[in-house]
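Below is one structure; the comments refer to it alone.
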Protein chains: 2
Amino acid sequence: MFPTKSNETISDALKSVSLEAGRQKNGKLWSNLKEVCDLLRIPVSPNSSIASEETLFQHVQFKTGQRIHMIGQPFEMLYVVNSGFLKTVLIDELGNEQILSFPMKSDLLGVDGINSRFYTSEAVALSACDLILIPFKKLTTLGRTYPELENAMYSVMSRELVREQAMISMLGSLSAEGRVARFLVSLSDRFAQMGYSHRIFNLRMTRHEIGSYIGLTLETVSRTLSALHEIGWISVDQKTIEIKDIQALRNLRRLPNAKTRAKDKAKAAKTDKAIMPAVNLNQRTGTEYYESVLRPTA
Amino acid sequence: MFPTKSNETISDALKSVSLEAGRQKNGKLWSNLKEVCDLLRIPVSPNSSIASEETLFQHVQFKTGQRIHMIGQPFEMLYVVNSGFLKTVLIDELGNEQILSFPMKSDLLGVDGINSRFYTSEAVALSACDLILIPFKKLTTLGRTYPELENAMYSVMSRELVREQAMISMLGSLSAEGRVARFLVSLSDRFAQMGYSHRIFNLRMTRHEIGSYIGLTLETVSRTLSALHEIGWISVDQKTIEIKDIQALRNLRRLPNAKTRAKDKAKAAKTDKAIMPAVNLNQRTGTEYYESVLRPTA
DNA sequence: CGCAGACTTGACAGTACTCAACCAAAGTGG
DNA sequence: CCACTTTGGTTGAGTACTGTCAAGTCTGCG
């Protein structure tokens with residue numbers, strides 16, 4: 001009776017995850033080092049001394065809209081997302097918000113504070129969240145006891161760096177369609193990784209936030225989602241996304257062009273609003289007609 | 001008789017720096033841990049045991065065009081730039097090059113390899129370069145002996161992460177003019193930091209490489225440089241850049257707009273090709289005339 | 001029920017890309 | 001030494017894409 005669980009059931013998921021990766025103590029949730037490493041997808045040899053119960057890290061819960069840390073605040077903690085969805089935001093000199101990431105389960109937050117000793121970005125909960133507190137001082141101390149932990153830290157930071165490089169590459173080279181497609185694909189991948197459906201999911205962020213993240217205006221994001229919907233690669237209804245042709249989305253760098261797309265729209269319209277399957281986007285027949293008909297009416 | 005040294009004199013600079021930050025041994029240059037930390041601008045307490053001569057790191061020289069490491073190559077080394085100019089390049093699925101950074105003195109290279117155990121980008125020398133080899137294994141081992149080194153590593157990686165975040169923010173929010181202006185300002189700052197002139201310097205990279213770095217085509221880069229030249233904020237001649245109004249460049253987010261710019265060009269033309277000082281870009285007088293004169297001739 | 005915020009869609013405009021011609025500098029080879 | 005090629009740069013014309021402005025819809029919530 002249970003289909004692939006959607007990411008709707010946050011509170012349910014939270015409960016079960018909490019049981020997996022935490023224990024009660026003084027009425028609060030705590031995780032040991034091993035559990036934190038597992039959460040971060042850091043390989044740890046099973047017989048490692050890391051598995052000890054000596055060092056516990058406290059969980060903290062945040063409600064939607066709550067700030068985890070603010071810009072300029074002294075840096076002391078790293079945070080590992082155990083459940084929930086967040087955004088990290090940079091605010092530039094003119095007060096413009098720039099979304100930097102949408103952290104979710106198993107992501108690490110707060111790394112930007114290490115160098116300057118205060119946070120250079122802020123993190124906000126987009127849903128109810130369960131985070132694990134990692135005091136940075138404690139972490140570096142532990143690193144001396146467990147050499148593999150040290151390597152793991154380097155590894156996680158390196159991973160984050162590579163992720164940002166990919167982001168820069170995307171912003172530098174992809175069209176609006178390419179960016180939105182990639183965004184959806186990466187979300188789909190993340191959800192799959194977390195055990196949610198990779199086909200149907202809910203966006204946790206607004207069009208404005210998506211646009212900020214991938215360097216577009218909210219209108220362009222909305223239009224592009226509509227366009228992808230219309231050619232049948234996805235289905236959009238407000239925050240609900242259904243991926244219908246992930247391979248097409250993956251391969252997309254630049255939609256053929258606006259003219260061709262208009263043609264396909266025309267076809268779709270002619271075939272009684274049926275959604276076109278994602279094949280043969282490059283066909284170019286019987287379309288000049290459509291345009292020449294429309295032009296006079298405008 | 002020595003003006004502020006320009007960055008022309010690479011080989012000279014290399015020699016002097018080598019004497020500063022290296023020593024001969026078996027006919028090769030070596031630096032100790034303290035010198036490497038200084039180069040990376042990592043604060044080290046002077047009485048620290050880090051200052052020891054025990055651990056030496058070898059220098060390696062590269063000629064223009066030589067590759068320091070390639071994509072997919074197993075990761076073993078980090079590199080610290082002691083002198084010279086480089087580029088790091090990402091190559092995506094379709095073989096498109098994407099410039100990620102232009103490392104120069106005191107930058108760290110190769111961090112992207114830590115996570116995946118092989119380099120995900122390649123580094124190429126844009127000039128003669130002197131790099132210090134840091135075997136990663138050796139570094140992590142040393143980290144256990146010198147706790148402050150460990151912190152320093154985290155700090156450097158965090159710094160790099162913040163830099164990339166700023167890059168993402170820029171690509172997401174700035175116009176072509178803003179990007180080029182920022183690029184020039186950041187170069188100017190770097191050169192100042194290295195003791196070169198912040199007013200006049202030579203670009204080490206092509207327009208194509210600049211464009212890739214800041215997400216524009218080479219034509220747009222060229223045009224924008226010409227525009228900044230024309231309004232008198234900089235002076236461009238091929239690879240030579242002279243900054244004439246760095247404050248204007250710093251504040252630039254979006255040039256008033258194309259129309260206003262055309263007006264200023266008109267003014268500049270009328271005043272017999274004199275270069276306009278960078279004031280009052282927003283004046284909007286006597287310009288419709290210019291346009292209406294030009295239009296018919298086209 | 002009305003309001004505010006999020007989203008969609010249209011019209012229009014301006015920025016930046018594409019294509020292309022041209023120029024300059026630096027090799028290359030006879 | 002001079003044609004010739006190659007590479008990098010500049011500039012123009014035209015166009016496509018994406019931003020801006022604006023109107024209107026939908027949703028959730030007090």
Side-chain angles (χ1 to χ4, degrees), chain A residues 64-65 96 126 171-180 202-212 214-230 234-241 252-263 265 269 291 294-295 297-298, chain B residues 64-65 87 96 126 171-181 202-212 214-230 234-241 252-263 265 269 291 294-295 297-298:
Chain A
T64 306
N96 303 314
L126 294 179
L171 290 175
S173 64
L174 284 193
S175 66
E177 291 98 350
R179 295 180 198 196
V180 173
N202 272 0
L203 300 175
R204 281 290 159 358
M205 61 296 284
T206 67
R207 303 287 191 264
H208 181 76
E209 287 164 340
I210 296 174
S212 171
I214 60 180
L216 299 171
T217 61
L218 68 95
E219 291 97 331
T220 302
V221 172
S222 177
R223 264 187 262 275
T224 306
L225 287 174
S226 299
L228 292 175
H229 181 121
E230 217 156 344
I234 67 173
S235 173
V236 195
D237 176 36
Q238 300 286 97
K239 303 244 191 209
T240 308
I241 300 283
L252 183 60
R253 313 213 104 236
R254 180 154 302 230
L255 235 36
N257 68 39
K259 197 165 287 180
T260 310
R261 207 158 63 238
K263 297 174 186 180
K265 279 194 197 179
E291 291 196 80
L294 263 204
R295 202 80 53 84
T297 70
Chain B
T64 305
K87 63 174 177 181
N96 302 315
L126 294 178
L171 290 175
S173 65
L174 285 193
S175 66
E177 291 97 350
R179 294 180 197 194
V180 173
N202 271 1
L203 300 175
R204 280 291 159 357
M205 62 296 284
T206 67
R207 304 288 191 263
H208 181 76
E209 287 164 341
I210 296 174
S212 170
I214 60 180
L216 300 171
T217 60
L218 67 96
E219 292 98 330
T220 302
V221 172
S222 177
R223 265 186 259 273
T224 306
L225 287 174
S226 299
L228 292 175
H229 181 122
E230 218 155 343
I234 66 172
S235 173
V236 194
D237 177 36
Q238 300 288 96
K239 304 243 189 209
T240 307
I241 300 283
L252 183 61
R253 314 213 102 236
R254 179 154 303 228
L255 235 36
N257 67 38
K259 197 165 287 179
T260 311
R261 205 158 64 240
K263 297 174 186 179
K265 280 194 198 180
E291 293 196 76
L294 262 205
R295 203 80 54 82
T297 69

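Chain A is the first sequence line, chain B the second, and so forth, proteins listed ahead of strands; every chain is numbered from 1.
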[X] side-chain proximity, nearest of [options]:
| X | options | answer |
| --- | --- | --- |
| B:Ser175 | C:dT8, D:dG9, C:dA16 | C:dA16 |
| A:Arg207 | D:dT10, C:dC17, C:dT8 | C:dT8 |
| A:Gln238 | D:dT18, D:dG9, C:dC7 | C:dC7 |
| B:Val236 | C:dA16, D:dT10, C:dA6 | D:dT10 |
| B:Leu216 | D:dG19, C:dA16, D:dT11 | C:dA16 |

Give the rounded distance in Å between these two atoms: [atom1] of [X] and [atom2] of [N].
| X | N | atom1 | atom2 | answer |
| --- | --- | --- | --- | --- |
| B:Leu218 | C:dA21 | CG | C1' | 14 Å |
| B:Lys239 | D:dG8 | NZ | C1' | 7 Å |
| A:Leu203 | C:dC7 | CG | C1' | 12 Å |
| A:Asn202 | C:dC7 | CG | P | 12 Å |
| A:Leu225 | C:dT8 | CG | P | 7 Å |
| B:Leu174 | C:dT15 | CG | P | 15 Å |
| B:Glu209 | D:dT7 | CD | C1' | 12 Å |
| A:His208 | D:dG19 | NE2 | P | 13 Å |

**Prompt:** Would one find a side-chain N or O of B:Ser226 under 4.0 angstrom from OP1 or OP2 of D:dT10?
**Reply:** no
**Message:** Does C:dA16 have its OP1 or OP2 closer than 4.0 Å to a side-chain nitrogen or oxygen of B:Thr217?
**Reply:** no
Would you state whether a donor and an acceptor, one from the side chain of [X] and one from the base of [N], lie under 3.5 Å apart?
| X | N | value |
| --- | --- | --- |
| A:Glu219 | D:dC21 | yes |
| A:Arg223 | C:dG10 | yes |
| A:Glu177 | D:dC17 | no |

**Asked** Any side-chain heavy atom of A:Leu218 sitting closer than 4.5 Å to one from A:Thr206?
**Response** no
**Asked** Under a 4.5 Å cut-off applied to non-hydrogen side-chain atoms, are A:Leu216 and A:Val180 in contact?
**Response** yes
**Fill in**
By nearest-nucleotide position on DNA chain D, the 5'-leaning member of B:Ser222 and A:Asp237 is B:Ser222
**Message:** Any base atoms under 4.0 Å from B:Gly211, or only sugar-phosphate, or nothing? Heavy atoms, all strands.
**Reply:** nothing
**Shortest non-hydrogen separation from A:Leu171 to A:Gly215 and the atoms involved** = CD2-N, 4.1 Å
**Request:** Work out which heavy atom in B:Arg207 is nearest to a heavy atom in B:Val236; give both atom names and the distance.
**Result:** NH2-CG1, 3.8 Å
**Message:** Just verifying a value: how many Å separate A:Glu209 CD and A:Leu203 CG, rounded to the nearest 0.5 Å?
**Reply:** 10.5 Å
